[in-house]
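I have placed the structure first, in the form of structure tokens, so that the comments after it can refer back to it.
Counting from 1, the numbers follow the sequence of the chain as shown. Bear in mind that the values here come from a model prediction, so they are computed numbers and not experimental data.
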Amino acid sequence: MTDATPSRQIAESLRSEINSGQLPPGGRLPTVRDLAERFGVSRNTATKAIALLKTEGLITARTGSGAYVREPHPIRRLGPDRYARHRWQNTTVTAHADDRPSSEAIEQQGGQTQEVNLSEADQAVADALGIEVGAPVYERARVMTRDGIPTHTMTSYYRRDDVQDTPITDPRPGIAGQGGGFAVLASRGLDPHEITEDIAARMPTTEEALLLELPAGEPVVEVRRTTRTADGRPIEYARGIHAASRFVWSFTYPIPD
């Protein structure tokens, strides 16, 4: 700590107080003036210390009010079971106090906004669905919430003929029909059988940070999903943007030979 700059020393001291609970979630940090007096530094140095903690995502700033310790969100564990057929009608989700499997489970009510458009397939959508670039596809964009808090976005793409005049093209908020998109596809003889997911972390765009109400410094996890029938026909391509602090991915599978 002796080699650190004064602003980093202040940030480390405050970080320690946050981690120990001395500064609890939702608690207000000392003002810049108070920090400057406490550590014997300039206000500019104290401001830099606050900025460091904000960049790390430990605190949030409220205009005209000050800086506060960020309150943690319950963490949802995601694995292959979320696609199980018996879950297609479920609008409640199970989250946990932290990222440990043994942590206390919390039931939360899920919700979503929705926007549906007939658009043209870009290169990624065309490759995933096995169609030509520019071919008509239904684009179904949602913002998912848990107890009113945005957690992730999901935009799904379907071949026009596969979902024309089905609940998937209904723009009203909520899941598609009685059982969601997978149930609708199954009712059309396009039973979801196999899923490929590519998962990668990155920093959010400005639009994504605003949409998900992310604090400065928090990354997102992007999930790209392709769903196929038993005979390998692609029936859905989806892109999801998840707030990194609100999810953990968990998979159990046999080790390949």
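Looking at Ser42 and Asn44, their side chains never bring a donor and an acceptor atom within 3.5 Å of each other. At a cut-off of 3.5 Å, with distance as the only test, no side-chain donor of Ser13 or Ser16 sits close to an acceptor on the other residue. When only modelled atom types and interatomic distance are considered, Ser156 and Arg142 share a side-chain donor-acceptor pair under 3.5 Å. Arg28 and Ser65 form no side-chain donor-acceptor contact under 3.5 Å, judged by distance and modelled atom types alone.
Although no hydrogens or angles enter the test, the distance criterion places a donor-acceptor pair under 3.5 Å between the side chain of Arg246 and the main chain of Pro150. In terms of modelled atom types and a separation under 3.5 Å, the side chain of Thr45 and the main chain of Val41 share no donor-acceptor contact. Thr145 places no side-chain N or O within donor-acceptor distance of the main-chain N or O of Ile149, the cut-off being under 3.5 Å.
The nearest pair of heavy atoms linking Phe251 to Ile199 is CZ-CD1, 4.3 Å. Residue Ser245 comes nearest to Arg70 through the heavy atom pair OG-NH2, 2.9 Å, listed as atom of the first residue, atom of the second, then distance. Between Ala128 and Pro234 the shortest heavy-atom distance is O-CB, 3.2 Å. Considering all non-hydrogen atoms of both residues, Leu129 and Tyr157 come closest at CD1-O, 3.9 Å. Closest approach of Pro204 to Val220, counting heavy atoms only: CB-CG1, 3.7 Å. When every heavy atom of Ala121 is checked against every heavy atom of Ile131, the shortest pair comes out as CB-CD1, 3.9 Å.
Applying the salt bridge (charged side-chain N to carboxylate O under 4.0 Å, His left out) test to Glu194 and every residue at least two apart in sequence or in another chain returns Arg228. Under the rule for a salt bridge (charged side-chain N to carboxylate O under 4.0 Å, His left out), the partners of Glu56 that lie at least two apart in sequence or sit in another chain are Arg15.
Taking 4.5 Å as the limit, every side-chain heavy atom of Val69 sits out of range of all side-chain heavy atoms of Pro24.
Distance check, rounded to the nearest 0.5 Å: OG1 of Thr169 to CG of Asn117 gives 11.5 Å. Between atom CD of residue Glu17 and atom CG of residue Leu58 there is a gap of 12.5 Å, rounded to the nearest 0.5 Å. Expressed to the nearest 0.5 Å, how far CD1 of Ile59 lies from CD1 of Ile18 amounts to 6.5 Å. Here Glu139 contributes atom CD and Asp122 contributes atom CG; the two are 9.0 Å apart, rounded to the nearest 0.5 Å. In this structure, the separation between CD on Gln9 and CG on Leu14 is 12.0 Å, given to the nearest 0.5 Å. Atom CG of Asp170 and atom CG of Asp165 lie 11.5 Å apart (nearest 0.5 Å).
Between His242 and His152, the ring planes lie parallel to each other; the angle is under 30°, not in the 30° to 60° tilted range.
Tracing side-chain contacts under 4.5 Å through hydrophobic residues (I, L, V, M, F, W, Y), one never reaches Val137 starting from Val133; they form parts of separate clusters. One hydrophobic cluster holds both Leu185 and Val116 under the rule that ILVMFWY side chains link at heavy-atom gaps under 4.5 Å.
The environment of Gln164 atom CD is dense: over 12 non-hydrogen atoms of other residues, nucleotides or ligands sit within 6.0 angstrom.
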